[in-house]
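Input: a single structure, listed below in structure tokens.
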Amino acid sequence: MKPLPTDIIINGEHVTPATLDTWRVGKSGILSDLADFLAEWYAAEPTMQLHTSGSTGTPTTLHADKKAMLASAELSCRVFGLKTGQQALLCLPLQYVAGKMMVVRALAAGLHLLVREPSSTPMERVFTPVDFAAMVPMQAARTLAHPEGAKALERIGTLLLGGGFIDHGLEQSLRELSCRVYASYGMTETLSHIALRRVNGSDASDAYTPLPGVQLSRDEEGALQLTVPHLGISHLQTNDMAELLPDGRFLILGRRDAVINSGGIKIQAEELENKLQSLISGISVLALPAPHPELGECVALLWEGAAEAEQELRRACEQELPRHHRPHHILRITLPRTDSGKPARAAARDMLPLLLAGSKPGPGGFRKRLIHTLDELKQSEWWEKASDPKIQASICNTAETWLHQLGKKNKVALRVSEAIRLLRSSLKDKKVATPRNIIILTAVLLYTVTPLDGIPDILPVVGWLDDLGLLALAVKTVMDALSVKKADKTSENSKLTADSASTNPPTHP
């Protein structure tokens, strides 16, 4: 068995196992991450860790065989015709398989690796032609939004897009490019792509062509199964519903775990999402199952985009979707996303109960309030819920949705905004607030954006004043605690300074 390749050209510098420690000195950002990856690649262990993105569920860690990663990279380089000395752009984070495999391809084929910090517009800092680059659809879309974006992408010989859905508007724009553009199908378990489809040119297609040697089958429900001999994979079960075509290609219809069972009718969420996004440009949508007293489940549509698009979206749902596929709930929010930019379906599902509760009818969506003090809050249903890490993580997104409905100048909205700022800071840095104060902020935000009961608030101003009073009290409580902590810290620092001065008298030259 031949040894793993080790030499690589990075931004014009030759790096080997012997020079890696010297090369990494002073490196930061993605170059520091790249040094860590190479150190792991050079190590004697035959495997390395890979992390899934968590776009449809909980992120997981896998152990990949380095020789299998090399085999995948070598096949990819053969398919794309990549040659030694050609230039490949790395503009994806190295936390996930897509970025890692770009490095392995450079190692496998002797490509010169041009490295740029991952950003939404990576070509802004690339001024020379690039033979091969991999991006997520968001990067291509943001690049094309710039006046010279198309010309920038056309400096790439072959552009590979993966890691997310390519919406209809973006695909139409990509078809106008003169460079070769491919969409990939694959996952962390398959070490990047195992099938490709051409997005532009005379052989553009909606169907994916498997790479040489890849075999396809389906389970009894129609979900795709993969056999990939060069990776040692046999009948890998996916959750992707697929149609196998007579010529060996396949179409992806959506994910099995994205199926909504509404009154016995199976609605493929991603098929519905793709249709709406092809009809209305500039929006992102997620179709999720919501409880329904008669149907069991119905469609709840979460969408992100300009407020002006809502009327068009509702009209499209009414006129373009089958009756049983039409959403019962349509809510505009900022969609939660993974680190790689994909809409996070699992996180959105966790948010949905709060969003549905907050969207119930009534003046402003608010209900009559019964809680006026923090002591009363501690006896309420919100206090127990507020200790749940999932609730703490999603409440900020939910509360920010309410800000759009209240208007930024509303007094309640100002307090909500202040509470969100404190809560976000506290979740990132436990030094900002104690666990008790984090729970206070979460509970108050839950209370503010969630109806207490079904009694309409006949005097909404009174209800909002209760909200405002409780929010003000919560924010003041946390700010007071921080002031005390800051004062204690200042006092402690003063004492340390005094102690230091007494034990270490000044020296003189």
Side-chain angles (χ1 to χ4, degrees), residues 4-5 7-10 64 66-92 94 96-116 122-123 126 128-137 139-140 143 152-164 166 170-171 174-175 177-188 190-216 226 228-231 233 247-250 252:
L4 295 175
D7 289 21
I8 188 170
I9 305 293
I10 303 172
K66 293 177 183 177
K67 293 191 182 298
M69 295 174 70
L70 181 61
S72 173
E74 288 176 338
L75 178 57
S76 181
C77 290
R78 287 200 301 272
V79 168
F80 288 118
L82 300 179
K83 307 294 183 183
T84 300
Q86 289 187 322
Q87 186 157 257
L89 173 65
L90 171 62
C91 59
L92 295 171
L94 282 164
Y96 300 109
V97 68
K100 293 179 190 292
M101 290 305 298
M102 281 296 298
V103 182
V104 181
R105 290 179 196 121
L107 286 161
L111 305 176
H112 291 195
L113 198 61
L114 181 65
V115 182
R116 294 293 182 265
M123 293 302 291
V126 178
T128 58
V130 174
D131 296 291
F132 181 74
M135 297 183 186
V136 295
Q139 290 175 309
T143 299
L153 289 182
E154 287 177 333
R155 291 201 295 273
I156 301 171
T158 299
L159 174 61
L160 178 65
L161 297 177
I166 303 176
L170 174 58
E171 185 141 350
L174 293 170
R175 286 177 181 171
L177 298 181
S178 59
C179 61
R180 298 192 304 169
V181 183
Y182 288 88
S184 65
Y185 175 82
M187 58 204 71
T188 305
T190 61
L191 305 177
S192 189
H193 57 268
I194 52 86
L196 299 167
R197 70 176 179 89
R198 185 71 184 267
V199 173
N200 64 348
S202 58
D203 51 349
S205 174
D206 292 330
Y208 289 91
T209 300
L211 296 187
V214 174
Q215 301 163 26
L216 310 174
L226 304 171
V228 191
H230 65 275
L231 301 181
I233 293 174
D247 61 3
R249 297 182 302 158
F250 65 98
I252 292 297

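For clarity, every value in this text was computed on a predicted model and none was experimentally measured.
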Checklist entry - Quick one: CE on Met102 to CG on Leu114, what's the gap to the nearest 0.5 Å? => result 10.0 Å
Next on the checklist: Test: side-chain hydrogen bond (donor to acceptor under 3.5 Å, both in side chains). Region: residues 153-162. Which pairs qualify, not counting sequence neighbours?
Outcome noted: Glu154-Ser178, Thr158-Arg180
Checklist entry - Does the Ser72 side chain pair with the main chain of Leu191, one donor and one acceptor, at a distance under 3.5 Å? => result yes
Checklist entry - Does Gln139 offer a backbone N or O that forms a donor-acceptor pair with the side chain of Thr143 under 3.5 Å? => result yes
Next on the checklist: To the closest 0.5 Å, what do you measure between CG (Leu111) and NZ (Lys83)?
Outcome noted: 11.0 Å
Checklist entry - Could you state the interatomic distance from CG (Leu70) to CZ (Arg105), rounded to the nearest 0.5 Å? => result 12.0 Å
Checklist entry - Are the side chain of Asp131 and the backbone of Ala88 linked by a donor-acceptor contact shorter than 3.5 Å? => result no
Checklist outcome for this item: Interatomic distance, CD@Glu74 vs CG@Leu82, rounded to 0.5 Å, equals 12.5 Å
Checklist entry - Can you list the steps and then say if Leu90 with Val115 is a side-chain contact (heavy atoms from CB on, under 4.5 Å)? => result CA-CA 5 Å; Leu90 171 62; Val115 182; 4.3 Å; yes
Checklist outcome for this item: When every non-hydrogen atom of Arg198 is compared with those of Val181, the smallest separation belongs to CD-O, 3.4 Å
Checklist entry - Which residues pass the ring-ring contact (aromatic ring centres under 6.0 Å, His included) test with Phe80, sequence neighbours left out? => result Phe132, Tyr182, His193
Next on the checklist: Looking at every heavy atom in both Leu170 and Pro137, which two are closest together, and how far apart are they?
Outcome noted: CD2-O, 3.6 Å
Item to check | Non-hydrogen side-chain atoms of Ser205 and Arg249 separated by less than 4.5 Å | outcome: yes
Checklist entry - Is Leu89 close to Met123 at the side-chain level, that is, under 4.5 Å between some pair of heavy atoms? => result yes
Item to check | Thr190 (side chain) donor-acceptor with Met187 (main chain) under 3.5 angstrom | outcome: yes
Checklist outcome for this item: Here the pair of heavy atoms bringing Pro229 nearest to Gly213 is CD-O, 3.2 Å
Item to check | Spatial distance of atom CD1 (Ile8) from atom CG (Leu107) [nearest 0.5 Å] | outcome: 4.0 Å
Next on the checklist: Does any part of the side chain of Leu196, heavy atoms only, come nearer than 4.5 Å to the side chain of Thr209, both counted from C-beta?
Outcome noted: no
Item to check | Nearest non-hydrogen partners of Val104 and Met69, listed with the distance | outcome: CG1-O, 3.8 Å
Next on the checklist: I need the minimum non-hydrogen distance between Leu159 and Ile156, along with the two atoms involved.
Outcome noted: N-CG2, 4.0 Å
Checklist entry - Side chains of Leu226 and Tyr185: does their closest heavy-atom pair fall under 4.5 Å? => result yes
Checklist entry - Rounded to the nearest 0.5 Å, what separation is found between the OH atom of Tyr208 and the CG atom of Leu216? => result 13.0 Å
Item to check | Nearest heavy-atom neighbours spanning Ala207 and Arg197 | outcome: O-CB, 3.0 Å
Checklist entry - Going by heavy atoms in the side chains, are Pro129 and Gln87 under 4.5 Å from each other? => result no
